[in-house]
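Written below as structure tokens is the structure these notes are about.
Not measured: the values here are computed from a predicted model. In listed order, ligands and their atoms are each counted from 1.
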Amino acid sequence: MKRLHKYLLGLTALAMPLSVQAEEYRLGLITPPPHQWTVSATEAAAEIKEKTDGRVDILLFPSGQLGNEAQMLQQLQTGAMDFAFFTLGEFANRDPNYGIFLAPYLVDDVAGARELLKGQTAQKLLDNMADFGLVGFGWGMAGMRIIVTGPEVETVGDLKGKKIRTIPFAPELAFWEALGAAPTPMPLPALYDAFANGQVDGMQIDVEGTWNTKYYEHANSIIISNHMMFPMAAVGSGRKWQGIAEEDRAIIDEVFARKLDEMVVGYGEIDARYKADLETTDVPVTTVGRDWFGPAIDTWYEEWREKAPMLVELEAEANK
Ligand code: BEZ
């Protein structure tokens with residue numbers, strides 16, 4: 001009788017879809033624990049665990065603990081990790097259409113960025129994540145990009161020849177080259193030390209990171225240019241996704257989509273709050289607009305409309 005009971009228990013376990021049993025999943029991202037991406041990921045993981053009654057337990061690995069984004073993308077493709085929050089770098093370097101969100105002054109502010117990130121071009125790009133072996137859950141962002149420099153910068157001419165840290169990301173490199181600067185790609189976790197020891201003269205970065213990671217400690221100019229939005233893609237491993245029960249997939253989808261939208265909406269306030277904090281430091285904070293950059297922006301658009309045909313679609317959406 002005992003043996004029959006054991007046999008039946010074994011059969012029941014075999015018949016259960018994988019994710020009906022509690023399972024741990026790994027979510028990797030490059031931002032440090034205080035950053036909003038990590039905060040939103042933590043909240044999403046807690047809610048998913050609760051709503052799936054513990055069946056889907058997502059563990060977080062911030063600050064690039066699972067590797068840089070190129071390494072994490074590979075791990076997602078092989079199924080060695082499960083979820084990630086990514087900048088656009090790895091996607092744009094494989095398909096230039098993923099770089100179009102970085103078009104300078106495409107939108108004025110976070111509210112404009114939110115509209116585009118919920119629009120049809122953004123949705124197409126999310127669906128096309130399947131070509132990378134990924135499932136796209138939605139778009140987040142890290143607010144609008146600003147410029148922080150060690151040397152004082154008043155005019156765009158002062159940026160000439162300066163080593164400006166960027167993401168290794170063709171549309172960003174093109175923008176800084178058009179300005180006559182020397183774009184210097186560098187992963188986020190290496191940036192504080194590189195700026196402190198003068199390996200780079202400045203950076204384009206988010207307002208939040210400038211305050212939280214204290215880049216301002218080594219700066220003599222903070223330029224609130226808001227010149228680009230900075231999207232984030234929340235993705236999962238296509239391979240692992242297949243093994244998760246449909247009911248749990250629906251919960252993961254819904255929670256990520258809602259948390260990402262809350263994040264995007266929140267960045268209006270986050271950027272304003274950290275800008276106010278930066279204004280309490282000794283570093284001059286200047287606000288500039290598109291004209292400050294001169295003809296480099298038009299040059300950028302001419303080049304990228306050819307390289308990334310979906311840019312034209314996105315511009316049409318932005319102009320609506
Ligand atoms: C950056 O590399 O500049 C960055 C990445 C993620 C969030 C914010 C900034």
Side-chain angles (χ1 to χ4, degrees), residues 27-42 44 60-73 83-93 98-99 101-102 104 110 113 117 138-149 163-176 181 183-196 199-216 218-219 222-235 259-260 263-264 266-271 273-275 277-278:
L27 185 154
L29 66 178
I30 57 169
T31 49
H35 196 278
Q36 186 59 47
W37 291 11
T38 317
V39 172
S40 295
T42 308
L60 253 64
F61 294 85
S63 305
Q65 286 172 45
L66 297 180
N68 60 29
E69 290 192 341
Q71 291 161 335
M72 285 196 273
L73 177 57
F83 300 101
F85 282 6
F86 277 156
T87 69
L88 291 177
E90 291 307 313
F91 304 114
N93 290 339
Y98 283 88
F101 292 111
L102 294 200
V110 168
L117 293 174
W139 298 103
M141 78 179 308
M144 303 297 287
R145 296 301 250 182
I146 64 166
I147 301 166
V148 176
T149 60
K163 281 186 271 169
I164 302 294
R165 177 268 171 178
T166 64
I167 294 184
F169 197 172
E172 275 200 14
L173 300 180
F175 177 72
W176 287 95
T184 309
M186 182 174 291
L188 188 64
L191 179 56
Y192 182 88
D193 287 345
F195 188 47
Q199 218 180 312
V200 289
D201 300 310
M203 62 191 80
Q204 74 166 13
I205 194 75
D206 52 329
V207 192
E208 179 187 12
T210 307
W211 178 259
N212 275 342
T213 313
K214 298 188 167 48
Y215 299 124
Y216 66 85
H218 302 282
I222 296 175
I223 299 165
I224 307 289
S225 47
N226 292 334
H227 59 283
M228 287 171 188
M229 63 161 113
F230 193 73
M232 174 269 272
V235 297
K259 282 286 166 197
L260 292 167
M263 170 200 289
V264 173
Y267 263 104
E269 195 270 323
I270 293 172
D271 277 6
R273 174 159 40 99
Y274 287 116
K275 175 176 173 271
D277 285 338
L278 290 170

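Looking at L173 and P168, their side chains never come closer than 4.5 Å, going by heavy atoms from C-beta outward. No side-chain heavy atom of W139 sits less than 4.5 Å from a side-chain heavy atom of V264. Using a 4.5 Å heavy-atom threshold, the side chains of F230 and I167 count as touching. In this structure, M203 and T210 have side chains that are not in contact, with every pair of non-hydrogen atoms separated by 4.5 Å or more. Considering only heavy atoms from C-beta on, N226 comes within 4.5 Å of I146 through its side chain.
Which of T210, D206, T166 comes nearest to atom 9 (C) of ligand 1 through a heavy atom is settled by distance: it is D206.
At a heavy-atom cutoff of 4.0 Å, ligand 1 is contacted by no atom of M232, backbone or side chain. The part of I205 lying near ligand 1 is the side chain, judged by heavy-atom distances below 4.0 Å.
Ligand 1 is never approached by E208 to a heavy-atom distance shorter than 4.0 Å. At least one heavy atom of R165 sits less than 4.0 Å from an atom of ligand 1. Assignment of R145 to the shell around ligand 1 is supported, since a heavy atom sits closer than 4.0 Å.
Within ligand 1, the atoms closer than 4.0 Å to a non-hydrogen atom of I167 are 1 (C), 2 (O), numbered from 1 in the order shown.
Closest to atom 7 (C) of ligand 1 among all protein heavy atoms lies T31 CG2, 3.6 Å.
Ring geometry for Y98 versus F91: interplanar angle of 30 to 60°, hence tilted.
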